[in-house]
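As the structure lists them, so they are numbered: ligands from 1, and atoms in each ligand from 1. These numbers come from the heavy atoms of this one structure, side chains and all, not from hydrogens, waters or symmetry mates.
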Amino acid sequence: MTVSLPSIAILGTGSMGGAILSGLVRDGVEAESITVTNRSVAKAAALASDKVVSLATETDAAANLAAVRGARVVLIGVKPAMVPDLLREIAPALEPDAILVSVAAGVTIATMEALVPGSVLRSMPNTPAVVGRAVTGVAAGTRSTDEELAIVTSVFETVGEVLVIPEEKIDALSTISGSGPAYVFYLVEELTRTARDLGFSENEAATMVNGTFLGAAELLVSSGVDPAELRRRVTSPKGTTERAIGVLQEAALKETFDRATAAALVRAKELAAGN
Ligand SMILES: NC(=O)c1ccc[n+]([C@@H]2O[C@H](COP(=O)([O-])OP(=O)(O)OC[C@H]3O[C@@H](n4cnc5c(N)ncnc54)[C@H](OP(=O)(O)O)[C@@H]3O)[C@@H](O)[C@H]2O)c1
């Protein structure tokens, strides 16, 4: 099935903007046009293709203005601190029906709506967007319509799953799915270290641990069975896994995750306050 999208501009096409671009150019997605910008010429050159016009502000000071002209969706992918200046810059060039959507952490819809006319939405994708497995939270603005929300949802669905949530929940979502890949990588790192200490080579440890995370995640998703039930199926009464799980339960992981996400939430509020 082909997904049809309107003309799109991505302003700031680095790690996250680039990940979303990879979804927009994949087979089965047809955007009317795609224009992306970056600061450096080298980065811009690497993104140009038959589907993508790629501009650099280094050589073309008006690159962002050129990109938003004719664009229905304008995705803001620069660092949070740069968002207000960029929005001031592009405001006069935005099309009357432009839908502006930012991926910047901590920059509120109210801040953005004060700087540009028209429709503004906010989103929080995560890095598995690079492999088409993102989870993205999308929040509508006070001036965006359901149709505009649907268009933005389709854009992020090119790189994974989308949850539409109220803006008040964006920071909380970020502590789960935004930061979440780091939690998973950390668990992988620590279990890999244990495998190494048990005498396995780096490659063997990586095969066991990465393969187990991938296999367990696929089993979870494809079976549709509750994770607690899947865990029970691995945990025979009086068996070895039961002993290991008993030790993990002593580590009070739920409380640890509560504290970790609470710490991330405090930091999100600090960042939003400009600290
Ligand atoms: N990475 C994540 O996991 C993640 C997750 C969710 C949300 N986000 C959000 O995504 C945004 C970008 O983060 P990132 O990690 O992708 O950063 P990044 O890789 O540094 O990307 C930012 C890009 O903006 C470009 N840029 C700088 N000034 C510009 C200008 N005036 N006009 C156009 N482009 C300009 C930079 O180009 P040069 O490199 O050439 O200077 C760079 O490619 C942030 O707001 C962040 O909060 C990131």
Among all protein heavy atoms, pick out the one at the shortest distance from [atom]; state its residue, atom name and that distance to 0.1 Å.
atom                    : value
atom 33 (C) of ligand 1 : Thr37 OG1, 3.4 Å
atom 22 (C) of ligand 1 : Gly77 O, 3.6 Å
atom 36 (C) of ligand 1 : Asn38 OD1, 3.6 Å
atom 1 (N) of ligand 1  : Thr127 CG2, 4.3 Å
atom 17 (O) of ligand 1 : Lys79 NZ, 3.3 Å
atom 19 (O) of ligand 1 : Ser15 N, 2.9 Å
atom 21 (O) of ligand 1 : Gly14 CA, 3.3 Å

May I ask you to list the atoms of ligand 1 that are less than 4.0 angstrom from any heavy atom of [X]?
X      : result
Val103 : 7 (C), 8 (N), 9 (C), 10 (O), 11 (C), 47 (O)
Gly12  : 23 (C), 24 (O), 25 (C), 33 (C), 34 (N)
Ala105 : 47 (O)
Ser40  : 40 (O)
Pro125 : 5 (C), 6 (C)
Thr57  : 32 (N)
Met124 : 6 (C), 7 (C)
Pro80  : 44 (C), 45 (O), 47 (O)

If you measure every N or O of [X] against every N or O of ligand 1, does any of those distances drop under 3.5 Å?
X     : result
Asn64 : yes
Met16 : yes
Arg39 : yes
Met82 : no
Lys43 : yes

Should Asn126 be listed as contacting ligand 1, given a heavy-atom distance under 4.0 Å as the test?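 No.
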Looking at ligand 1, is there an atom of it that comes within less than 4.0 Å of some heavy atom belonging to Gly178?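 Outside the 4.0 Å threshold, so no.
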Would you say Val78 and Val83 make side-chain contact, with heavy atoms under 4.5 Å?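 They are in contact (side-chain heavy atoms under 4.5 Å apart), so the answer is yes.
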Spell out, yes or no, whether Val36 and Val25 are grouped together once hydrophobic residues are joined by side-chain heavy atoms under 4.5 Å, including indirect joins.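 Linked, Val36 and Val25 end up in one cluster.
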Are Val138 and Val73 grouped together when hydrophobic residues (ILVMFWY) are joined by side-chain heavy atoms under 4.5 angstrom apart?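 The answer is yes; both residues are in one hydrophobic cluster.
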For Arg233 and Glu229, what are the C-alpha separation, side-chain angles and deciding distance, and is it a salt bridge (charged side-chain N to carboxylate O under 4.0 Å, His left out)? CA-CA 6 Å; Arg233 289 181 194 174; Glu229 171 55 23; 2.9 Å; yes
Please determine whether a side-chain nitrogen of the Lys or Arg among Lys254 and Asp258 lies less than 4.0 Å from a carboxylate oxygen of the Asp or Glu.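 The answer is yes: the pair qualifies as a salt bridge.
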Salt bridge or not between Glu255 and Arg259? Use side-chain N to carboxylate O under 4.0 Å.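 Looking at Glu255 and Arg259, the cut-off is not met.
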How close do Tyr183 and Thr175 get, heavy atom to heavy atom, and via which atoms?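 Minimum heavy-atom separation between Tyr183 and Thr175: OH-O, 2.5 Å.
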Using the rule given for side-chain contact (heavy atoms from CB on, under 4.5 Å), can you reason through Glu30 versus Lys51, listing the C-alpha separation, both sets of side-chain angles and the distance that settles it, and then say yes or no? CA-CA 9 Å; Glu30 273 176 24; Lys51 287 186 178 174; over 6 Å; no
Quick one: do Asp85 and Lys79 satisfy salt bridge (charged side-chain N to carboxylate O under 4.0 Å, His left out)? Show the steps, please. CA-CA 11 Å; Asp85 279 348; Lys79 294 282 188 194; over 6 Å; no
The test is side-chain contact (heavy atoms from CB on, under 4.5 Å); show your working for Val107 and Ile76 and say whether it passes. CA-CA 11 Å; Val107 184; Ile76 303 296; over 6 Å; no
Pairing donors with acceptors under 3.5 angstrom, does anything connect the side chains of Asn64 and Thr37?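 Present: a donor and an acceptor within the cut-off.
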Any chance CZ of Arg26 has more than 12 other-residue heavy atoms, nucleotides or ligands included, within less than 6.0 Å?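 Yes, because the 6.0 Å sphere around CZ of Arg26 holds more than 12 heavy atoms from other groups.
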Under the criterion side-chain contact (heavy atoms from CB on, under 4.5 Å), I'd like the reasoning laid out for Ser154 against Leu5: C-alpha separation, chi angles, the key distance, then a yes or no. CA-CA 8 Å; Ser154 306; Leu5 295 171; 3.6 Å; yes
Part of Val78 with heavy atoms under 4.0 Å of ligand 1, whether side chain, backbone, both or neither: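 The answer is both.
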Could you walk me through whether Leu191 and Thr212 satisfy the side-chain contact (heavy atoms from CB on, under 4.5 Å) test, starting with their C-alpha distance in whole Å, then the side-chain angles of each, then the deciding distance to 0.1 Å, before giving a yes or no? CA-CA 11 Å; Leu191 188 56; Thr212 300; 5.8 Å; no
